[in-house]
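Presented below is the structure to which this report refers.
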Amino acid sequence: QEQRSWIKIEYARGHTARQCHQGLQEACRESALPYRTVARWVKAFNEGCQNVADMHRPGHPSVSEEVHALSALLESDQHHTIRELARETGLAHMTVLHFLKECLGMRKTASRWVLHDLMEAQAVADVFDRWGWKVLYHPPYSPGLSPCDFDLIPKMKEPLCGIRFRTVPEIIQAVDHSI
């Protein structure tokens with residue numbers, strides 16, 4: 001944006017695109033914008049453009065539009081694979097991965113894309129330490145410790161015990177009645 005602002009000022013002083021480009025090359029050396037970009041900005045300023053922010057170009061969506069599209073897809077279903085996201089957005093596989101990780105701060109956890117903020121995790125750990133709390137982990141595949149097994153499931157299974165069902169609709173009706 002600094003170079004664009006400089007181009008705008010030089011254009012206002014009456015300089016051509018070629019003169020603006022030469023001035024940028026002298027000041028910025030290898031980091032100077034290419035001539036075609038300078039010429040495009042001079043043309044835009046000549047047509048009345050006053051803004052030096054990124055111009056929208058047809059056929060070239062801005063990064064924010066692409067990131068927004070990825071975010072919208074993940075809001076509808078967090079289980080998308082990178083391949084599916086790339087196909088839906090028309091972006092390259094590595095571009096999708098970069099946007100997910102760097103722009104959206106997402107990580108793949110248990111087959112879902114979720115926000116991954118280490119600072120939040122550290123803040124939670126600090127609170128636990130400050131209050132002297134211990135984290136009690138629920139062992140995986142341990143129905144003996146599942147909260148729903150303490151109250152709900154045994155009471156629901158009790159009237160169904162010993163009954164044989166012939167069809168799925170019979171099962172559904174009996175469970176509905178039990179609940």
Side-chain angles (χ1 to χ4, degrees), residues 1-4 33 37 40-41 44 49-179:
Q1 268 188 331
E2 291 173 350
Q3 290 187 42
R4 293 181 214 144
L33 292 171
T37 303
R40 191 170 57 245
W41 279 101
C49 176
Q50 296 296 315
N51 194 353
V52 293
D54 284 329
M55 288 189 286
H56 179 74
R57 298 184 332 198
H60 296 275
S62 70
V63 169
S64 63
E65 290 173 5
E66 293 168 339
V67 170
H68 181 70
L70 280 173
S71 179
L73 284 170
L74 288 174
E75 282 179 20
S76 67
D77 183 6
Q78 292 179 325
H79 296 280
H80 280 296
T81 64
I82 293 175
R83 182 175 285 139
E84 291 169 340
L85 293 169
R87 187 177 56 242
E88 291 281 330
T89 59
L91 298 171
H93 182 280
M94 291 303 294
T95 304
V96 169
L97 185 61
H98 171 76
F99 286 165
L100 289 172
K101 289 188 171 190
E102 304 303 323
C103 299
L104 294 173
M106 306 290 280
R107 297 291 185 262
K108 190 84 169 189
T109 305
S111 80
R112 290 184 322 140
W113 287 99
V114 296
L115 280 174
H116 182 73
D117 192 332
L118 295 176
M119 290 174 54
E120 278 186 30
Q122 185 59 48
V124 170
D126 291 345
V127 169
F128 274 57
D129 288 343
R130 188 175 330 124
W131 289 88
W133 293 343
K134 291 182 183 177
V135 177
L136 300 176
Y137 295 98
H138 178 75
Y141 309 109
S142 178
L145 297 176
S146 178
C148 62
D149 275 348
F150 288 117
D151 293 312
L152 176 65
I153 301 299
K155 289 178 182 156
M156 191 175 79
K157 290 193 302 189
E158 203 173 286
L160 303 173
C161 188
I163 301 175
R164 292 206 179 260
F165 301 100
R166 286 182 264 179
T167 64
V168 172
E170 284 181 13
I171 297 170
I172 293 170
Q173 184 181 9
V175 170
D176 283 346
H177 181 71
S178 174
I179 291 174

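Separation of atoms CG (Leu33) and CZ (Arg40) is listed at 9.0 Å; rounding is to 0.5 Å.
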Side-chain polar contacts of residues 161-179 - donor-acceptor pairs under 3.5 angstrom, sequence neighbours left out - could you list them?
unit_1: Thr167; atom_1: OG1; unit_2: Glu170; atom_2: N; d: 3.3
unit_1: Glu170; atom_1: OE1; unit_2: Arg166; atom_2: N; d: 3.0
unit_1: Ser178; atom_1: OG; unit_2: Met156; atom_2: O; d: 2.7

Identify all side-chain donor-acceptor contacts of residues 84-95 below 3.5 Å with residues at least two apart in sequence or on another chain.
unit_1: Glu84; atom_1: OE1; unit_2: His80; atom_2: ND1; d: 3.4
unit_1: Glu84; atom_1: OE1; unit_2: Thr81; atom_2: N; d: 2.9
unit_1: Thr89; atom_1: OG1; unit_2: Leu85; atom_2: O; d: 2.8
unit_1: Thr89; atom_1: OG1; unit_2: Leu91; atom_2: N; d: 3.3

